[in-house]
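For reference, the structure discussed in these notes is given below.
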Amino acid sequence: MEGTSRRIIELIRAIPRGRVATYGQIARMAGLPRGARQVARILHSSSRTRRLPWHRVINASGGISLAPGYGGELQRALLEKEGVVFLRGRVNLRRYAWRPTLTG
DNA sequence: AACCTGACTTCGG
DNA sequence: TCCGAAGCCAGGT
């Protein structure tokens, strides 16, 4: 596996419970400013997906991109179970976006 | 190598 | 706020 992919995996693993990150955010943090689709690809194809908090990655609008019937409801349920609140199908990124600044 | 395909994002109307 | 179009980029055919 290539280095950036590994970085992306590590970043996703670092998203804390009750917080979310966008595909684009993870991509930027991994050094791929326009690599949002690559983040999505890795989530979709990686056999390691089962070991990742994949449900904490959402789109730039604060919504769930995974189609209903293909994990969409599950993703929302998992997030809600962590205390993330949805309003009109979206989460408030101001409130729930992961900000890995303090305490590492 | 050309072409297609996304768990995306941004911009303009 | 809600689409549609265009941009993006790596992996699959």
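Convention: sequence-line order gives letters A, B, ...; per-chain numbering from 1. Since this is a predicted model, take the numbers as computed values, not measurements.
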Whole Å only: how far is the [atom1] atom of [X] from the [atom2] atom of [N]?
X: A:Leu79; N: B:dA7; atom1: CG; atom2: P; result: 18 Å
X: A:Ile42; N: B:dA7; atom1: CD1; atom2: P; result: 13 Å
X: A:Ile64; N: B:dC8; atom1: CD1; atom2: C1'; result: 15 Å
X: A:Leu87; N: C:dT1; atom1: CG; atom2: C1'; result: 14 Å
X: A:Asn59; N: B:dG6; atom1: CG; atom2: P; result: 17 Å
X: A:His44; N: C:dA10; atom1: NE2; atom2: P; result: 18 Å
X: A:Ile26; N: C:dC9; atom1: CD1; atom2: P; result: 18 Å
X: A:Leu43; N: B:dT5; atom1: CG; atom2: P; result: 22 Å

- prompt: Between OG1 of A:Thr22 and CE of A:Met29, what distance do you get to the nearest 0.5 Å?
  reply: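 It comes to 10.0 Å.
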Interatomic distance, A:Leu32 atom CG to A:Thr4 atom OG1 [nearest 0.5 angstrom]: 5.0 Å
- request: Using the side-chain contact (heavy atoms from CB on, under 4.5 Å) rule, pick out the option among A:Ile9, A:Leu11, A:Ile15 that qualifies with A:Arg13.
  value: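 Checked A:Ile9, A:Leu11, A:Ile15 against A:Arg13; only one passes side-chain contact (heavy atoms from CB on, under 4.5 Å): A:Ile9.
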- request: Using the side-chain contact (heavy atoms from CB on, under 4.5 Å) rule, pick out the option among A:Val20, A:Ile12, A:Ile8 that qualifies with A:Val57.
  value: A:Ile12
In terms of side-chain heavy atoms of [X], which of [options] is nearest?
X: A:Ala60; options: B:dA7, C:dC9, B:dT9; value: B:dT9
X: A:Arg41; options: B:dA7, C:dC8, B:dG6; value: B:dG6
X: A:Arg34; options: C:dC9, B:dT9, B:dA7; value: C:dC9
X: A:Gln38; options: B:dT9, B:dG6, B:dA7; value: B:dG6
X: A:Arg28; options: B:dA7, C:dG7, B:dT10; value: B:dT10

task: Output yes when at least one side-chain N/O atom of A:Arg56 is less than 4.0 Å from OP1 or OP2 of B:dA7, else no.
output: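 Checking A:Arg56 against B:dA7: no side-chain N or O falls below 4.0 Å of OP1 or OP2.
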At under 4.0 Å between heavy atoms, what does [X] touch on the DNA or RNA strands: base, sugar-phosphate, or nothing?
X: A:Gly35; value: nothing
X: A:Arg37; value: base
X: A:Arg88; value: nothing

task: In plain terms, say whether A:Glu73 and A:Arg76 are close enough for a salt bridge, that is, a side-chain N and a carboxylate O under 4.0 Å apart.
output: no
